[in-house]
Protein chains: 2
Amino acid sequence: MSNKPKVAIQGIPGSFHHQVALNEFGTEVDILYKDSFEEVAQAVENEEASHGVIAIENSIAGAILPNYDLIDRHGLSISGEHYLPISHQLMALPGQKIEDIVEVQTHPMALLQCKVFLKKYPQMKQLAGIDTASVAQDISKKKPLGKAAIAGRIASEIYGLEILAEDIQTVKSNFTRFILLEKKAAIQQQYHQKASIKVTIENRSGGLAKMLTCMHEEGLDLSKIQSIPVIEKPWEYAFFIDAVFEKIALFEHCMKRIQSEFGEVKIFGTYKVGKK
Amino acid sequence: MSNKPKVAIQGIPGSFHHQVALNEFGTEVDILYKDSFEEVAQAVENEEASHGVIAIENSIAGAILPNYDLIDRHGLSISGEHYLPISHQLMALPGQKIEDIVEVQTHPMALLQCKVFLKKYPQMKQLAGIDTASVAQDISKKKPLGKAAIAGRIASEIYGLEILAEDIQTVKSNFTRFILLEKKAAIQQQYHQKASIKVTIENRSGGLAKMLTCMHEEGLDLSKIQSIPVIEKPWEYAFFIDAVFEKIALFEHCMKRIQSEFGEVKIFGTYKVGKK
């Protein structure tokens, strides 16, 4: 039995999730490649994997809300966060020029993120792939001429492709925030810097103001807030909140107050602040 | 000179933006079809159009943040909102069966929204199109067999295509919130129900709590809040806020207080609450 961490990710070698797993755990790691976020969460739930890595927030499109639901349903908790700059590279079999490319394939979100660049090359037919890296892998196997992938630099290295155009995403400072998932208690005494919670409260603006005042009094500093309407109960609102704090005891005391005074609290996890 | 409203939208006849324009203005309207949100905003700014319609928020992906920036840069204001349920239909030339389809093309976001359905049909190659409706138009012109579009019902009616599978989006209660843009003052006395604002404040949790308390005291009820970090100034935070209220005078008084006590306020517009 190896003692290496077993990390479940969505995607294949060379994907952005793979890059995050390597950045977080180094090369001494067993990576389990899964087809969906759901399967990643399942693998952590049934202890096939010790950790999971999933994208949670994009600096262009905002939060990936369904992934919060996943954490909840599979009884997992957030044990860390990782900010990865997302740079897209146009890559193809070596020896080709950009003028030779008549077909480009990648994940639909990457097509959107490279829209301005692609508009300059109307001769390139745009195809959707299931993943950025899987297209690079496919090109390295089947060796089609005239076809390019859009993926991260790591995919060009793994699959031996040549980069024809660098950093082709429209927004240059585009980053994605990933979270690490584990099957363990949400509150970890040793990680006392940041927490992700969901609070459901009635009486929206008055209630939220009082709750934030409470958080401020307890020494919690807000780093993110996003409201989502509770569809079945239009008078209730839920808020996804990230907060940073100095001591875990302050955080726990604050959560008890919110639970008793304002509404239902779900703690997704406490963890260290990730570097940007 | 016609007195019909001239409404600029992104896309072509049969698009979801077209549907919103018809729902809002009826059939007695001149619609200007534009290639991008930027061109829609430009058309309203230079008075080629009296109104613009742009998507601003999706119930799955959250806010389309760059479109707020567009309103700001072109000196426009929000004069209304419209919630459209987004239902995707698989459509092709009449007489074909779903088994005949080997290629499906649509907007990348629609591919994502129909991911679970498309997984059941691996024989369908997935192509990205610039728009949902433009693929339907293309099929009606070029009459390819074996090719399907994913678009709204209105596109199948306009382009004479047959629906092979109905409501194929993964999330059945998916809706998109659109806003109407006009070139006029942001505060309209006659529209006294709702407003969209952006506030930039320092001292995140303490400042936000006090500002929301102020809003509550002034009778404003929050319907949406989303934080966005101000990239150049990491200690400052900006919030997109939608609020509902009873009287425009209360709203104006509250905005003056926020501006003097908390930070910079940008008012995007005041308008009537849209039906869901």
Side-chain angles (χ1 to χ4, degrees), chain A residues 35-36 57-66 104-113 115 118-119 125-130 170-171 173 203-229 231 234 237 239 241-244 276, chain B residues 35-36 57-66 104-113 115-116 118-119 125-130 170-171 173 203-217 219-229 231 234 237 239 241-244 276:
Chain A
D35 285 342
S36 65
E57 197 181 336
N58 182 295
S59 58
I60 302 172
I64 302 164
L65 298 176
V104 58
Q105 187 174 20
T106 189
H107 189 274
M109 193 57 84
L111 287 175
L112 283 178
Q113 290 171 347
K115 202 175 158 181
L118 292 170
K119 216 177 170 177
K125 191 173 183 180
Q126 296 175 33
L127 274 73
I130 52 161
T170 308
V171 179
S173 61
N203 180 5
R204 297 174 291 200
S205 60
L208 180 63
K210 281 183 201 145
M211 191 188 77
L212 292 179
T213 303
C214 165
M215 287 175 66
H216 183 59
E217 285 165 5
E218 301 282 343
L220 270 63
D221 198 17
L222 204 72
S223 70
K224 185 188 141 186
I225 181 166
Q226 177 165 12
S227 60
I228 40 161
I231 291 166
Y237 254 59
F239 300 91
I241 291 174
D242 287 350
V244 291
K276 277 192 200 176
Chain B
D35 285 343
S36 65
E57 196 180 336
N58 182 294
S59 58
I60 301 173
I64 302 163
L65 298 176
V104 57
Q105 188 174 20
T106 188
H107 189 273
M109 194 56 84
L111 287 174
L112 283 179
Q113 291 172 346
K115 203 173 159 184
V116 172
L118 292 170
K119 217 177 171 178
K125 191 173 183 182
Q126 296 175 33
L127 273 73
I130 52 161
T170 308
V171 179
S173 61
N203 180 4
R204 297 174 291 201
S205 61
L208 180 62
K210 281 183 201 143
M211 190 188 75
L212 292 179
T213 303
C214 165
M215 287 175 66
H216 182 60
E217 285 166 4
L220 270 64
D221 198 18
L222 203 73
S223 70
K224 187 188 139 187
I225 181 166
Q226 177 165 12
S227 60
I228 40 162
I231 292 166
Y237 255 59
F239 300 90
I241 291 174
D242 289 349
V244 291
K276 277 193 198 173

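Heavy atoms only: backbone and side chains are in, while hydrogens, waters and symmetry mates are out. Each chain gets a letter, A, B and so on, in the order its sequence line appears, and its residues count up from 1.
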Check your understanding: For A:Gln126, which residues count as a side-chain hydrogen bond (donor to acceptor under 3.5 Å, both in side chains) partner, sequence neighbours excluded?
Key -> none
**Study point:** Inter-residue atom distance B:Leu111.CG - A:Leu111.CG, 0.5 Å rounding
**Key:** 8.5 Å
Practice item. Measure the spacing between CG of B:Leu212 and NZ of A:Lys210 and express it to the nearest 0.5 Å. Key: 12.5 Å
Practice item. Could you grab the distance from atom CG of B:Leu127 to atom NZ of A:Lys125, nearest 0.5 Å is fine? Key: 5.0 Å
Exercise for review: Apply side-chain contact (heavy atoms from CB on, under 4.5 Å) to A:Ser36 and list each qualifying residue two or more places apart in sequence or on a separate chain.
Suggested key: A:Glu38, A:Glu39
Check your understanding: Does some side-chain heavy atom of B:Leu208 sit less than 4.5 Å from a side-chain heavy atom of A:His216?
Key -> no
**Study point:** Minimum-distance pair of heavy atoms, taken over all atoms of A:Ser227 and B:Ser223
**Key:** OG-O, 4.3 Å
**Study point:** Exercise: identify the closest heavy-atom pair between A:Pro108 and B:Leu112
**Key:** CB-CG, 4.0 Å
Revision key, fill the gap. The reported gap from CE in A:Met109 to CE in B:Met109 (rounded to nearest 0.5 angstrom) is 4.5 Å
